[in-house]
Amino acid sequence: MNAPYDPRTVEQSVQQTWDAARCFEAGESAAAEKFYCLAMFPYPSGQLHMGHVRCYTLGDVINRYHRLKGYNVMQPMGWDAFGLPAENAAIKNGIPPARWTRDNIAYMRGQMRELGFGIDWSREFATCDPEYYHWEQWFFIKLYEKGLVYRKSSMVNWDPVDQTVLANEQVVDGCGWRSGVPVERREMPQWFLKITDYAEELLDELDRLDGWPESVKNMQRNWIGRSEGVEIDFPVSAADAAAGGDPLRVYTTRPDTLLGVTYMAVAAEHPLARQAAERSPEVAAFVDKCRNMQTAEAEIATLEKEGVPTSLTVEHPLTGEPIPVWVANFVLMEYGSGAVMAVPGHDQRDWEFARKYGIPIKQVIEPAGDEPCDLDAAAFTDYGKLVNSGEFDGMASARAFAAIAEALEAKGLGRRRTNFRLRDWGVSRQRYWGCPIPMIHCDACGIVPVPEQDLPVLLPTEVTFEGVRSPLTTMESFYRVNCPQCGAAARRETDTFDTFMESSWYYARFACPDANQPMLDERANYWTPVDHYVGGIEHAILHLLYARFFHKLMRDAGMINSDEPFTRLLMLGMVLKDGRKMSKSSGDAGNPQVLLEKYGADAVRTAMMFAAPPDQSFEWSEAGVEGQARFCRRLWNLVQDHLAAGDVPALNPAELSDAGRDLRRKSHETLQRADDDYGRRLTFNTVVSAVHELTNAVSRTEPAHEHDRAAVREALKIAVLVFSPIAPHVTQELWSALGERALLVEAQWPAVDESALVQDTVELVVQVNGKVRGHVSLPADVDEDTARSAALENENVERFVAGKTVRKVIAVPGKLINIVVS
RNA sequence: GCCCGGGUGGCGAAACUGGUAGACGCGCCAGACUCAAAAUCUGGUUCUGGAGACAGAGUGUCGGUUCGACUCCGACCCCGGGCACCA
């Protein structure tokens, strides 16, 4: 290797070596501990952007580090291939989504190979492969049979541009996440997965996910949103009961304020509101207005709180007093029972509403301490002590909570209840490019699942688009079927699944991508859970929650024996360009291909790792790449110069000069520090710094003799090995140049030689009143008294101590001495 | 409004357990090599003063704890993310 460093040549040849040796093909083995390393698979949008480069480089660094540490590592890759952009491309350019997707995959796979990711390509699949979605359909039917799937007509978010239903989470600020236009509300029959059955477990298990960032767990906790409260029935007053007798049911987290209720508020869609509308034109007009407002879907949050009184009253469950019922626009039909008890004294929203409409405000809680409380200015919303509450007076809120709950339970008018904010997962999409929902609608038999032997329901790939609507809805060959039960003409479901379905279990399928009977086999239990999952912060809630849900579904179906899918989680910050998230529109600066051709994969990977710690968002700039290309070249030249100077003897620490010993200490410090940075801290930016420092130390070292040159060789080998997870190509080439015959990916991370870390002399900082005034060099095992007198003898220190009284001397062994004077 | 992060040179950042703030890199400046340029190498580079040794100031702001604070505590300002008529 006497040639000058040419990254493209080196990288191609090293990649061929890996391919020939099939280094990254993983198999189940009892010989070493398994390590499943996974980065979130990409949507095949066309080409990689810098966000992808960051994500998969981080994944690959973790992969390669764990190989060096002796694990049996598996790092797979696949494609989240269903989704809207393929359809949009088809509509725009007339290319069928399947072909567009396959072309993109081929191109992006090539880019990943060029970047040198150590991926087990034998496991690759795309979610649009029938062999994959076959099992998703199969599992959906199993869940249907278990009662975890249901069909419900419900209000949905309708995107008028994309002509499809959006999940709540796909609506951002009232607009579709892709189209950007305001969503409308429509009623439609939809398929739902009962994720709420698992709400409790999904929440509780977060406490045990020690390998997850606290911020992500918090986001999931908020999303699931557990609240502890009481469900209370307010009987309809006798005069109104004739119209239909069901009590008005509400849910509250503050039963301690029950005696402060002065009105009830129900949603416009609530049955009581409809009932009142029949009798009162004012109420009917208001209910109508609310519906229109929701259809227009403006900024709900800034909406003025409005309502109308009905002539209905209910009875207070404890006192029997009549309470007026209002229809209010701030009550959500979808949450709880669509009705609330209003306590204007102790809820700010209820307070504002009461002030606006002149409804009485009654104080039932007073501050336990000295907090201010002026019900003319605002509601008092803290917990406190009960007043004006009869037998409950004087109780603290917490005790009153229990006492009032018991009193209600005794009367049969209430019960304690845990509520969740989480809703069931609507999985139907009125789109073409997705997994067909394996159901058949028969006039006689109703819903009939597609029989197992007829799976998969294949998505036709030869289609033509007329407008945005799914071609399936007009494709007779697809939807005209005979009912599997009665044989009569029936209609196949033409909706497809939300693509979050595919990404909810792909990680398990990678363990056994060819499993046939059924979707997973015993290999899934060898590889899962994923030991380290890497991906973008934008998936902190939905994808991760759905995947956790699916894992539990697969566990309860007997296919998986763990509770959680991802043991350790690394959430990447975003790669920004001009302050915005990187995307296709970012132009050349965001195009890794240009950089790859100019500087090579090692430089691009290193620059990306060096730019910032992984969890931090940062603005990408090309400037750093050139610097890292320079560093690769320096390392290359350093190794060449070293080799050109001839052979070295076996390392003998006893023969080293001071310079040799210093270098050797630096080598082993680097090894120790990098091990911690790679394994525990996940700060790969500081690994790059550490390798730079070691390389600088080698450059500066002037070997006194051949023994020192042996220390230089050791330093170079450590630098190369430590650097290899980040820059795997150049390091492989240098590794073999340094005389190693086995591949670097098969090497073992060396143990730190503790004796090399020992220093005979240490430099102590001397401070006077906390300010650095000098340094003293002393033997490492110096006693404290000697250190003190040496510090006081320091010339510059003397100047600051002279004429003053030494009050105290603080000595931190091996670090510093602080002399306190006055 | 509530819940998380974060604020350090011209720039990206480091300082992990309270112990030399600015490692490492980018950029810039100077020098070497060169007819010249690029590349490469060497040195310098927080600010202010000083030829320099050195001194003073300095990690968003104000205050506190401590021999000693980027790090801990209290109040506040700003930036980013998440949630939000959730009863």
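Labels below follow one simple rule: chain letters A, B, ... track the order of the sequence lines, proteins then strands, and each chain is numbered from 1. These numbers were taken from a predicted model, which means no experiment stands behind them.
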ask   = Which part of the nucleic acid does A:N769 contact within heavy-atom distance under 4.0 Å: base, sugar-phosphate only, or nothing?
value = nothing
request  = Could you tell me whether A:R421 sits above the aromatic face of A:W223, with NZ or CZ closer than 6.0 angstrom to the six-membered ring centre and within 45 degrees of the axis?
outcome  = yes
note = Between A:F420 and A:N218, the residue closer to the 5' end of RNA chain B by nearest nucleotide is A:N218
query = For atom P, what is the distance between B:A15 and B:C62, given to the nearest Å?
reply = 26 Å
query = Taking OP1 and OP2 of B:C54, is either one under 4.0 Å from a side-chain nitrogen or oxygen of A:R773?
reply = no
query = How do A:S215 and A:M333 order along RNA chain B: which one's closest nucleotide is nearer the 5' end?
reply = A:S215
inquiry  = Need the glycosidic conformation of B:G27: syn if within 90° of 0, anti if not. Which one?
reply    = anti
request  = Taking atom P in both B:A55 and B:G22, compute the distance separating them and give it to the nearest angstrom.
outcome  = 15 Å
request  = With heavy atoms under 4.0 Å as the rule, sort A:D676 into base, sugar-phosphate or nothing.
outcome  = base
query = Can you tell me how far P in B:G6 sits from the matching atom in B:C16, rounded to whole Å?
reply = 14 Å
Axial cation check for A:F800 ring with A:R773, 6.0 Å and 45° limits = yes
ask   = Side-chain N or O of A:Q628 less than 4.0 angstrom from OP1 or OP2 on B:C26?
value = no
request  = Scan A:R633 against the nucleic acid and name what it touches under 4.0 Å (heavy atoms): base, sugar-phosphate only, or nothing.
outcome  = sugar-phosphate
query = Where the side chain of A:L332 is defined as all heavy atoms beyond and including C-beta, which of B:G25, B:A13, B:C85 is the nearest nucleotide?
reply = B:C85
message = Regarding A:N637 and A:R634, do their side chains bring together a donor and an acceptor under 3.5 Å, going by distance alone?
response = no
ask   = Checking all strands, does A:V812 fall into the base, sugar-phosphate, or nothing category for heavy-atom contacts under 4.0 angstrom?
value = base
key: Salt-bridge contact A:K289-A:E306 (side-chain N to carboxylate O under 4.0 Å)   = yes
ask   = Has the side chain of A:R421 got a donor or acceptor that lies under 3.5 Å from a partner of the other kind on the base of B:C83?
value = no
query = Below 3.5 Å, does any donor atom in the side chain of A:K808 face an acceptor in the base of B:C67, or the other way round?
reply = no
key: Any side-chain donor near an acceptor of the partner, A:D424 and A:T196, under 3.5 Å   = yes
query = NA contact type, A:V331, heavy-atom cut-off 4.0 Å: base, sugar-phosphate, or nothing?
reply = base
message = What I want to check is whether an N or O donor and acceptor connect the side chain of A:R226 with the base of B:C86 at under 3.5 Å.
response = no
task = For A:I819, report the nucleic acid contact type (base, sugar-phosphate, nothing); a contact means any heavy atom under 4.0 Å.
result = nothing
query = Which part of the nucleic acid, if any, lies within contact of A:R700, taking any heavy atom under 4.0 Å across all strands shown: a base, the sugar-phosphate backbone alone, or nothing?
reply = nothing
message = Please give the distance between the C1' atoms of B:G9 and B:A57 as a whole number of Å.
response = 14 Å
inquiry  = Between the base of B:A14 and the side chain of A:S689, is there a donor and acceptor pair under 3.5 angstrom?
reply    = no
